Amino acid sequence: MSETALKPDSGPDSNRWKALVFIALAQLMVVLDATIVNIALPSAQQDLGISDGNRQWVITAYALAFGGLLLFGGRIADLWGRKRTFVTGLIGFAAASALGGAATGEAMMLGARALQGVFGALLAPAALSLLAVMFTDAKERAKAFGIYGAIAGGGGAVGLILGGFLTEYLNWRWTFFVNIPFAAVAALGAYFVIREPAGGRNRSPLDIPGVVLSTLGLVALVYGFTRAESAGWSDSVTITMFVASVVLLAAFVLTEAKVKSPLLPLRVLTERNRGGVYLSLGLAVIAMFGLFLFLTYYLQIVKGYSPVKTGFAFLPMIVGMITGSTQIGARLMTRVPPRLLMAPGFLLAALGMLLLTQLEIGTSYAGLILPAQLMLGLGMGTAFMPAMSLATHGVEARDAGVASAMVNTSQQVGGAIGTALLNTIAASATTAYLTDHASLGATDPKLLQAQAMVEGYTSAIWWAVGILVVSALIAATFVTTGAQGGTSASAGSADGAEDEVKVPVMAH
């Protein structure tokens with residue numbers, strides 16, 4: 001499409017870069033919330049009298065509501081308008097955060113966390129789909145998604161630093177209250193600055209059976225993995241949840257193939273490139289979530305770092321992610337096919353993860369952990385950036401919200417699987433090590449415990465290496481589109497050509 005053909009849209013949307021600031025701020029708030037609460041949890045549990053058995057529900061209540069309602073949230077954004085959905089999500093998220101910060105007991109805290117998840121499920125797909133419809137020029141899109149990808153990847157580690165500071169120097173309640181200024185600034189900015197391109201709504205009637213089946217299926221899947229972590233994989237409730245999720249999600253796919261106005265049009269999933277992105281991203285997040293967990297425990301328990309020092313210890317990963325996303329991914333995305341960024345990116349992250357399999361009690365931070373984190377960050381940043389863009393690239397405007405929701409869903413489900421799966425592997429390896437070396441416990445039980453924990457972490461990290469290699473293979477084989485820039489991109493493949501023709505449609 002020529003320059004002149006694009007001018008009518010680029011003219012009125014002169015505020016799109018200002019809009020990006022508020023969209024990025026909202027995304028940062030949602031990503032921060034995933035890790036910031038983890039650091040505050042021990043203090044909150046003590047203050048509110050939450051039992052050890054119910055402690056996990058502070059995390060799980062949010063994950064279930066967020067993961068279960070994402071597709072519904074994406075469809076609401078397409079139906080109701082992305083800007084309106086975005087602002088509503090921000091206001092609701094701020095109110096739920098205020099409720100959590102003011103919680104006086106267990107029920108109030110769990111209710112607030114579930115509400116945060118509900119409004120997060122409105123907010124996250126609306127944010128990503130706004131980017132998709134506002135930035136249609138290839139080079140601008142690359143820059144915008146570079147910034148967004150860096151925040152999506154590095155925000156979790158920023159949450160560890162902020163959570164450490166707030167918990168150590170103020171109070172755990174501030175890990176909730178901190179969301180209110182974020183949300184207020186983002187909502188006001190979005191209200192005055194964002195101009196959503198006209199004609200991108202999907203006003204078809206809402207697919208109620210699809211909403212019910214997808215929500216119940218995703219909730220059962222996320223809860224199954226969360227339950228497996230605490231009760232074991234052979235627990236009857238865990239197995240029931242997995243069986244229920246398979247049945248419900250299969251019924252959802254059958255329903256979507258038959259109804260006139262599906263919640264998730266199968267054309268969004270079956271397009272080869274997008275399918276490859278959802279799958280490789282979900283797997284990569286499994287590896288990343290497990291790593292955050294193990295490195296946090298290793299640094300705090302084995303190394304004796306304070307929460308704040310632990311947060312700062314993650315800085316190299318953030319630096320790597322921002323560099324990989326904005327300096328490598330964004331600069332090369334318009335010149336090379338996405339698979340040539342995604343596959344090497346995931347492989348570089350796998351190499352960084354491979355270094356961490358060498359962890360021992362006395363491992364030097366500067367000698368091993370720092371370079372491993374830099375490699376992980378660079379690799380993930382380089383891979384995430386084109387993946388985030390490609391997930392909504394070439395989608396018809398009416399499907400932008402639900403395609404964005406699928407990115408978030410693959411990440412959310414990946415996070416739940418990663419935490420449960422890798423935690424279980426680590427726990428089994430720790431137990432096996434303690435059993436095999438029981439005789440050493442008599443001489444130095446603390447040393448044995450620390451060695452067993454490190455053995456558990458490294459066993460799980462080996463799995464994370466394998467998962468990242470599989471992500472790289474999926475990206476290399478499924479993602480066949482050409483570079484996402486100008487008419488030259490269409491030369492890459494038939495898929496690439498089709499995508500390039502469709503992109504400008506999103507602005508009309």
Side-chain angles (χ1 to χ4, degrees), residues 18-41 43-44 47-48 58-59 61-70 72-74 76-77 80-105 107-131 148 151-152 155-156 158-159 161-163 165-167 170-194 196 401 404-405 408 412:
K18 288 180 191 169
L20 174 64
V21 173
F22 301 114
I23 292 168
L25 190 64
Q27 174 64 14
L28 180 62
M29 181 185 74
V30 172
V31 177
L32 280 178
D33 201 73
T35 49
I36 202 170
V37 175
N38 287 353
I39 294 220
L41 188 54
S43 313
D47 273 11
L48 300 177
V58 176
I59 307 296
Y62 176 83
L64 291 182
F66 187 62
L69 292 169
L70 271 167
F72 180 53
I76 290 291
W80 203 27
R82 292 165 196 102
K83 175 178 170 175
R84 191 187 298 179
T85 307
F86 182 69
V87 173
T88 305
L90 281 165
I91 294 166
F93 200 90
S97 298
L99 197 66
T104 52
M108 192 170 166
M109 168 60 79
L110 298 182
R113 288 293 284 159
L115 264 181
Q116 275 187 315
V118 170
F119 286 106
L122 277 181
L123 179 57
L128 187 55
S129 59
L130 275 170
L131 278 194
Y148 185 88
I151 287 169
V158 176
I161 298 174
L162 194 56
F165 258 107
L166 294 171
T167 306
L170 287 170
N171 183 291
W172 65 265
R173 295 183 185 277
W174 282 95
T175 59
F176 286 90
F177 291 145
V178 76
N179 289 332
I180 299 168
F182 272 108
V185 172
L188 282 169
Y191 183 78
F192 289 110
V193 170
I194 290 176
E196 189 180 344
S404 303
N408 289 289
Q412 187 62 26

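Bear in mind that the values here come from a model prediction, so they are computed numbers and not experimental data. When a residue number appears, it is its place in the shown sequence, counting from 1.
- The two residues Ala65 and Ala121 have their closest heavy-atom pair at O-CB, 4.3 Å.
- Atoms CG and OG1, on Leu48 and Thr104 in that order, are 7.5 Å from each other to the nearest 0.5 Å.
- For Arg113 (side chain) and Val58 (main-chain N/O), a donor-acceptor pair under 3.5 Å exists by modelled atom type.
- We find the CZ-CZ distance between Phe182 and Phe22 to be 13.5 Å, quoted to the nearest 0.5 Å.
- Of all heavy-atom pairs between Met29 and Leu123, the closest is CE-CD2, 3.7 Å.
- Not a single donor-acceptor pair under 3.5 Å links the side chain of Arg82 to the backbone N or O of Leu131.
- Taking the six-membered ring where the residue is Trp, Trp174 and Phe177 present perpendicular rings, their angle passing 60° and hence far from 30°.
- The distance from the CE atom of Met109 to the CZ atom of Phe176 is 4.0 Å, given to the nearest 0.5 Å.
- Minimum interatomic distance between Gly120 and Pro125 (heavy atoms only, all atoms of both residues): O-CD, 4.2 Å.
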Side-chain donor-acceptor pairs under 3.5 Å in residues 86-100, sequence neighbours left out?
from, atom 1, to, atom 2, distance (Å)
Thr88, OG1, Arg84, O, 2.7
Ser97, OG, Phe93, O, 2.8
Ser97, OG, Gln116, NE2, 2.9
Ser97, OG, Asn179, ND2, 3.1

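- In this structure, the separation between CD1 on Ile23 and CD on Gln27 is 10.5 Å, given to the nearest 0.5 Å.
- To the nearest 0.5 Å, atom CG of residue Leu122 and atom CG of residue Leu70 are 9.5 Å apart.
- Of all heavy-atom pairs between Ala124 and Phe66, the closest is CB-CZ, 3.9 Å.
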